[in-house]
Every structure is written in structure tokens, then in C-alpha cells.
Amino acid sequence: MANVERQRGGRHLAPLPAEFAETRDALRRLAVYVLSPARKAVTGRIGLQPTPGGFGTPVFGEGEQLRVEGATLHRLTAGTAESAPITSLAAAADFAGVKLSDDPGVGHDIPELGDPDGPLPVSPPAALALGAFYGFAGSVLAEFKAELDAGGHECSAVQLWPDHFDLGCNIDGVNFGSSPGDGYSAEPYVYVGPWNSEGLSGDFWNAPFGAVLSYRDLLAVGGDQRQAALAFLRRGAGLALSQAGEVP
């Protein structure tokens with residue numbers, strides 16, 4: 001793949017395709033209005049997860065799963081697999097068996113439904129780049145969660161939240177995650193977000209909500225990008241917990 005290479009120890013991120021932001025925004029709408037509502041209708045839960053080449057629901061109900069890989073939407077139902085090209089929200093909802101609503105109940109900070117029949121501009125290389133970033137971030141956060149749990153800081157499950165389209169987890173008082181880009185930053189980033197940012201000081205805290213490690217900085221890493229992301233998260237956890245008077 002053009003967007004990800006293999007390195008010793010895991011995935012290695014590469015420069016993003018030109019259509020990345022447009023594709024990310026289109027797939028966020030798909031997550032908000034089709035994938036997450038499909039799971040919520042059966043389980044009451046809205047969280048998504050990284051899947052091979054993209055993102056999707058966990059398996060739910062009677063063995064059902066919806067997932068995006070590149071510019072294709074896949075549906076698994078009771079052992080039967082189907083796929084369809086991603087063209088519009090209306091077509092995707094029909095394929096997934098979802099009734100579209102301008103209030104899908106999956107968060108408050110969501111993009112507008114827009115024209116359901118309008119084309120969703122999804123570039124296959126950009127969609128695979130998004131999947132590569134989620135795969136990278138999911139691997140990093142899973143390892144970090146295990147470290148936190150082992151250290152006595154119970155960490156929530158790593159989930160992809162459809163409204164902000166970020167992959168994250170948290171301990172009491174601190175959020176950890178990875179965003180594919182948003183209103184704060186056009187490019188993806190890894191973040192540490194203390195619930196209370198009062199009193200935070202120092203060069204590490206470089207964002208209004210805490211600290212970020214940018215995609216550009218990850219690309220500049222000469223060695224293992226996963227270890228660079230883990231080191232950033234570990235440092236953020238230590239500083240945030242120390243600030244709160246807890247033992248890191």
C-alpha cells in the first residue's frame with residue numbers, strides 16, 4: 001500500500017494521499033448515519049473499531065457486522081458475506097438495512113446528514129490510508145491500555161467513536177486517543193486530554209485540550225513510530241497523573 005509500509009515491530013505510516021481529508025469526512029458521515037446506527041438498533045451501543053483495511057462494527061446480534069475496506073462496504077449476516085461499492089448514504093443505508101435519520105442518536109457533535117442521494121467522495125487509496133492509521137492507532141492504544149491496566153489504572157475499552165471519528169480510551173481523569181483529523185487539525189494526530197487542564201504547564205502541553213503528537217511528527221521519526229507514539233502517551237499519562245496528585 002502507498003500509505004503504509006511494514007517495519008520491524010509493526011506498521012509504519014507513510015504520507016497521506018491528497019484526497020485524504022475529503023474521504024475522511026465522507027466516511028465519518030457513513031459511520032454516523034449507517035454503521036453506528038445499525039449496531040445501536042440491536043445492542044444499544046454505538047462504538048466502532050478498526051477492521052482490516054478500514055473500520056466497522058464489532059460482530060453484533062446474530063453474527064452481523066458492517067465494515068468499510070477501501071471504497072467498499074461489507075456486510076456479514078449469519079455467515080453470509082455481501083459487499084457493495086460506497087456510492088451514497090442512501091445506497092449504503094439500503095444495503096445495511098438502516099433507516100436514515102437526521103438524528104441518529106450517536107453523539108451531539110456530528111456532521112449534517114446532507115443529501116442522502118448525493119455522492120460520497122471516497123477515494124480508495126485515501127480510505128486505505130485512513131484504515132492504516134486506525135490500524136496503527138489501534139495497535140498502539142491496545143498496548144498502552146494493557147500497560148495502564150497492569151499498573152493499576154483501569155482503562156476503558158479502546159473504541160472508535162462515530163461522532164468525533166476518533167479512536168480512544170480513558171482512565172479516570174485522562175483521555176488517550178488518535179484522531180484522523182478534525183476542526184483542530186487537518187492532519188491526524190495522537191492525543192492526551194486531561195479532563196481538567198487547569199494548571200498544566202510546560203512544552204508537552206501544546207494543544208488547547210492537552211497535548212498532541214502530529215502525523216507530521218510521526219512521519220519524521222527515524223525509528224519505530226509505534227514506540228514514539230507509546231512514549232508520547234506514557235509521558236502524557238505520567239504528567240497528567242502527577243498533576244492530579246496520583247502515582248503514575
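Both backbone and side-chain heavy atoms feed into the values below; hydrogens, waters and symmetry mates do not. Throughout, numbering of the chain's residues begins at 1 and tracks the sequence. Predicted model, so just to flag it, every value in this text is computed and none were measured.
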> Just how far is it from atom OG1 of T23 to atom CG of L128, taken to the nearest 0.5 Å?
Replying inline: 10.0 Å
>> Same cluster or not: Y134 versus L219, using hydrophobic residues (I, L, V, M, F, W, Y) connected whenever any side-chain heavy atoms lie under 4.5 Å apart?
In response: yes
>> Quick check: closest heavy atoms across P121 and P119, and the distance to 0.1 Å?
In response: CD-O, 3.4 Å
>> Testing the basics here: between V32 and P162, what is the closest heavy-atom pair and its distance to 0.1 Å?
In response: CG2-O, 3.2 Å
Listing, residues 196-208 side-chain donor-acceptor contacts under 3.5 Å, not counting sequence neighbours, or none:
from: N196; atom 1: OD1; to: E198; atom 2: N; distance (Å): 3.0
from: N206; atom 1: OD1; to: V212; atom 2: N; distance (Å): 2.8
from: N206; atom 1: ND2; to: V212; atom 2: O; distance (Å): 3.2

> If you take all heavy atoms of I86 and G70, which pair is closest and at what distance?
Replying inline: CD1-O, 4.3 Å
> For L213 and A228, which heavy atoms make the closest approach, and how far apart are they?
Replying inline: CD2-O, 4.0 Å
> How would you list, by chain and number, every residue that makes a side-chain hydrogen bond (donor to acceptor under 3.5 Å, both in side chains) with H164, sequence neighbours excluded?
Replying inline: D109
> Are V174 and Y189 grouped together when hydrophobic residues (ILVMFWY) are joined by side-chain heavy atoms under 4.5 angstrom apart?
Replying inline: no
> If you look only at pairs with a residue in residues 83-131, which of them pass as a ring-ring contact (aromatic ring centres under 6.0 Å, His included), with sequence neighbours excluded?
Replying inline: none
>> Can you tell me how far apart CZ (R216) and CG (L13) are? Round to the nearest 0.5 Å.
In response: 14.0 Å
> For the residue pair L66 and A38, what are the closest heavy atoms and their distance?
Replying inline: CD1-CB, 3.5 Å
>> If I take atom CG from residue D166 and atom OG from residue S178, how far apart are they, to the nearest 0.5 angstrom?
In response: 8.5 Å
> Would you say P58 and Q65 make side-chain contact, with heavy atoms under 4.5 Å?
Replying inline: no
>> I'd like to know if L167 and W161 are part of one continuous hydrophobic network [Ile/Leu/Val/Met/Phe/Trp/Tyr, side-chain heavy atoms within less than 4.5 Å].
In response: yes
>> Ring centroids only, cut at 6.0 angstrom: are Y191 and F176 within range, meaning strictly under it?
In response: no
>> Does atom CD (E82) have a neighbourhood of more than 12 heavy atoms from anything else shown, all under 6.0 Å?
In response: yes
>> Less than 3.5 Å apart, any donor N or O on the side chain of S156 or N170 sitting next to an acceptor on the other?
In response: yes
> How long is the gap from CD on E22 to CZ on R24, to the nearest 0.5 Å?
Replying inline: 10.5 Å
> What do the steps show when you test R226 against S139 for side chain to side chain donor-acceptor pair (under 3.5 Å), and what is the final call?
Replying inline: CA-CA 8 Å; R226 287 186 73 261; S139 172; 2.9 Å; yes
>> Using only atom types and a distance under 3.5 Å, with no angle test, would you say the side chain of Q225 pairs donor to acceptor with the backbone of L218?
In response: yes
> Can you tell if the side chain of I46 reaches within under 4.5 Å of the side chain of D163, non-hydrogen atoms only?
Replying inline: no
In a table with atom names and distances, give each donor-acceptor pair under 3.5 Å that connects a side chain of residues 233-240 to protein atoms at least two apart or in another chain.
from: R234; atom 1: NE; to: E147; atom 2: OE1; distance (Å): 3.0
from: R234; atom 1: NE; to: E147; atom 2: OE2; distance (Å): 3.4
from: R234; atom 1: NH2; to: E147; atom 2: OE2; distance (Å): 2.6

> Same hydrophobic cluster for L100 and V106, using side-chain heavy-atom links shorter than 4.5 Å among ILVMFWY?
Replying inline: yes
>> Can you pull out every side-chain hydrogen bond (donor to acceptor under 3.5 Å, both in side chains) where at least one residue sits in residues 40-57? Sequence neighbours excluded, please.
In response: none
> Would you say the side chain of L241 lies within less than 4.5 Å of the side chain of I171, judging by non-hydrogen atoms?
Replying inline: yes
> Any side-chain heavy atom of C169 within less than 4.5 Å of one from Q159?
Replying inline: no
>> So that I can tick it off, tell me whether K145 and E143 are bridged by a salt bridge, with the cut-off set at under 4.0 angstrom between side-chain N and carboxylate O.
In response: no
> Can you list every pair that meets ring-ring contact (aromatic ring centres under 6.0 Å, His included) and has a residue in residues 36-71, with sequence neighbours left out?
Replying inline: F55-F165
> Is there a path from L73 to L76 through hydrophobic residues (I, L, V, M, F, W, Y) whose side chains come within less than 4.5 Å of each other?
Replying inline: no
> Run the side chain to side chain contact (heavy atoms under 4.5 Å, CB included) check on R75 and S83 step by step: do they pass?
Replying inline: CA-CA 6 Å; R75 184 182 186 188; S83 62; over 6 Å; no
> Looking at CG of L113 and CZ of R29, how far apart are the two atoms once the value is rounded to the nearest 0.5 Å?
Replying inline: 6.5 Å
> Any idea which heavy atoms bring G210 and P194 closest together, and the distance?
Replying inline: CA-CD, 4.0 Å
> Under 3.5 Å, side chain of Y215 to main-chain N/O of P180, donor-acceptor pair present?
Replying inline: no
>> Test your reading of the model: is there a side-chain donor-acceptor pair from D149 to the backbone of C155, 3.5 Å cut-off?
In response: yes
> Does a side-chain heavy-atom distance below 4.5 Å link V158 with P50?
Replying inline: no
>> Check this for me: does any side-chain nitrogen of one of R39 and E64 sit under 4.0 Å from a carboxylate oxygen of the other?
In response: no
> Rounded to the nearest 0.5 Å, what separation is found between the CG atom of L120 and the OH atom of Y33?
Replying inline: 12.0 Å
>> Strictly distance-based, threshold 3.5 Å: is any side-chain N or O of R67 a donor or acceptor partner for the main-chain N or O of G54?
In response: no
